[in-house]
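Here's the structure we're looking at; comments come further down.
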Amino acid sequence: MNYEQIRFETRDRIARITLQRPDRLNSFTAQMHGELRDALARITAGGDVRVLLLTGEGRAFCAGQDLSDRAVAPGAAPVDLGASIEENYRPLVLALRNLPLPVVCAVNGVAAGAGANIALACDIVIAKKSASFIQAFCKIGLVPDSGGTYFLPRLVGSARAMGLAMLGDRVSAEQAAAWGMIWKSVDDGEFDASVDQLLTQLADAPTAGLAAIKRSLYASSANTLEQQLDVERDAQRTLGYSADYREGVAAFLEKRAPRFSGR
Ligand code: T3D
C-alpha cells in the first residue's frame, strides 16, 4: 500500500509513524485511518521491530477527526458517527494497546479531540513543552472518544477528567505531566534528542518483558489484588524461560551490559 497521509519507516528496530497532513493539523480522514491500519498490521505481522513511535508532522500532533470530511451542514443527511468509531477509532486504540511492544507517542504540538486520546492510548507519552492537549469534543456536542472517558479518569482522577471533558480547556504539556496524564514534557530544543534517547533505550530493552509489563499494567484496572497477583505469577513463569531473562542475569553476574534479543 502507498501511504499519502502518513509516513512509515522502520530502521534499527524502531518503527516510526508520522501523521502527515500538517496543513490540516494532521486531522484524521478515512484514508489516514486506512493507512494507519495497514502500517500497524505490518508491525504486528512480525519482523525485528522492538518499539513504535507515533508523532506528527509540523506544528500539531493531531487535531482529531477532520471535520471537513463530514457533511454535517444543516439540512444535510445525518452522519453515523458510531460507524466511524467502530471502523476507525476503536480498532486504532485497540491495535496500539495490544501491540506486544512499547508504543511511544511524541506529541510535537497541539493534540485535540481524538488526537489527544490517541496519544493517551500509547504506552509512553513525551511532549514538547509548547504542546498542549484539548478535549475539544464538548465544543461540538460530542463525548470524548478514542478511549477518552476510559483513560482520563484513570490518569488524572474523575474531578479533573470531568473538568477537562466538559470545559474543553487547553492543558499545557507541563500541566499534563504534573497531573500524571503523560510521562513527561521536555524543552522544545531537547525534544528530538529526548525522543531518540527514549526509542534507543526501549529498542535495546527485553521486548517480551516490556510486552508483559504492558499487558499486566493494563489488566490491573479491572482486576482484584488476587487476580493481579495471578497475572504477575503467570507472566513471571513465562518470562523465566525467556532468553532475555537468562541474558539479563548472566550480564549482571558477569558485570557487563546485557545484549537483549527481545525474546
Ligand atoms: O466524526 C467522527 O468520526 C467522530 C469522531 C470524532 C473524533 C473527534 O476528534 S471530534 C473533535 C474534532 N476536533 C476538533 O474539534 C478540533 C478542531 N480544531 C481546533 O479546535 C483548533 O484547530 C486547534 C485548537 C486544534 C488548533 O487551533 P489553532 O488556532 O492553532 O489552528 P487553526 O487555525 O484552528 O487550524 C489551522 C488549520 O487547520 C485551519 O485551516 P485554515 O483556516 O488554515 O484553512 C483549521 O480549519 C484546520 N483544522 C484544524 N483542526 C481541524 C482542521 N480542519 C479540519 N478538521 C479539524 N479537526
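First listed ligand is number 1; within each ligand, the first listed atom is number 1. Computed from heavy atoms alone, side chains included, the values below leave out hydrogens, waters and symmetry copies.
If you check which protein heavy atom lies closest to atom 1 (O) of ligand 1, you get R70 NE, 2.6 Å. For atom 24 (C) of ligand 1, the closest heavy atom belonging to the protein is I134 CD1, 3.6 Å. In this structure, the protein non-hydrogen atom closest to atom 56 (C) of ligand 1 is Q65 O, 3.7 Å. In terms of protein heavy atoms, atom 3 (O) of ligand 1 is closest to S84 OG, 2.4 Å. Among protein heavy atoms, atom 25 (C) of ligand 1 sits closest to A112 CB, 3.8 Å. Protein heavy atom nearest atom 20 (O) of ligand 1, with residue, atom name and distance: A136 CB, 5.0 Å. For atom 54 (C) of ligand 1, the nearest non-hydrogen atom of the protein is D66 OD1, 3.2 Å.
Figure legend: cation-pi geometry between R97 and Y218, with NZ or CZ positioned under 6.0 Å from the six-membered ring centre and within 45° of its axis.
In this pair, Y89 and F28 present their aromatic rings perpendicular. The plane angle is above 60°, beyond the 30 to 60° band.
In summary, D188 and R59 do not engage in a salt bridge, as defined by a charged side-chain N under 4.0 Å from a carboxylate O.
For atom 42 (O) of ligand 1, the nearest protein heavy atom is 4.0 Å or more away. Atom 29 (O) of ligand 1 lies below 4.0 Å from none of the non-hydrogen atoms of the protein. Put simply, atom 36 (C) of ligand 1 has protein non-hydrogen atoms near it, under 4.0 Å away. When distances from atom 13 (N) of ligand 1 to the protein are checked, a heavy atom turns up under 4.0 Å. Protein heavy atoms come within 4.0 Å of atom 16 (C) of ligand 1.
Using a 4.5 Å heavy-atom cutoff, the side chains of R13 and T207 are not in contact. By the 4.5 Å heavy-atom criterion applied to side chains, V186 and V195 are not counted as neighbours.
Closest approach of P144 and T149 over heavy atoms only: O-CG2, 3.5 Å. Pairing each heavy atom of S194 with each of I126, the nearest pair is CB-CD1, 3.9 Å.
Remark: ligand 1 and R24 share an N or O pair separated by less than 3.5 Å (distance only, no angle test). At least one N/O-N/O distance between A63 and ligand 1 falls below 3.5 Å. Considering both main-chain and side-chain atoms, D145 never comes within under 3.5 Å of ligand 1 through any nitrogen or oxygen pair. Residue-to-ligand polar distances keep Y89 apart from ligand 1: every N/O pair is separated by 3.5 Å or more. The shortest N or O to N or O distance between A114 and ligand 1 is below 3.5 Å.
Heavy atoms of F28 found under 4.0 angstrom from ligand 1: none, in either backbone or side chain.
If you number the atoms of ligand 1 from 1 as listed, the ones under 4.0 Å from a heavy atom of G64 come out as 9 (O). Every atom of ligand 1 is numbered from 1 in the order shown, and the set under 4.0 Å from a heavy atom of L81 is 1 (O), 2 (C). For ligand 1, the atoms sitting less than 4.0 Å from at least one non-hydrogen atom of F137 are 7 (C), 8 (C), 9 (O), 10 (S), numbered in the order shown with element in parentheses.
Between the side chain of E57 and the main chain of P22, no donor-acceptor pair closer than 3.5 Å is present. Panel note: side chain K214, backbone D123; no donor-acceptor pair is recorded below 3.5 Å. Remark: the backbone N or O of R263 is paired with a side-chain donor or acceptor of D244 at under 3.5 angstrom. Of the possible donor and acceptor atoms, one in the side chain of T55 sits under 3.5 Å from a partner among the backbone N and O of A106.
With hydrophobic clusters built from ILVMFWY side chains whose heavy atoms lie under 4.5 angstrom apart, F61 does not share a cluster with L53.
Applying side-chain hydrogen bond (donor to acceptor under 3.5 Å, both in side chains) to S132 and the options E174, Q175, R170 leaves one that passes, R170.
Residue contact annotation: R59 has a non-hydrogen atom under 4.0 Å from ligand 1. Contact between D23 and ligand 1 is present, with at least one heavy atom of the residue lying under 4.0 Å from the ligand.
Nearest residue to atom 23 (C) of ligand 1 from I140, V79, L67, L25 is L25 (criterion: closest heavy atom).
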Pair L198-V51, side chain to side chain contact (heavy atoms under 4.5 Å, CB included): steps then yes or no: CA-CA 10 Å; L198 189 56; V51 56; over 6 Å; no
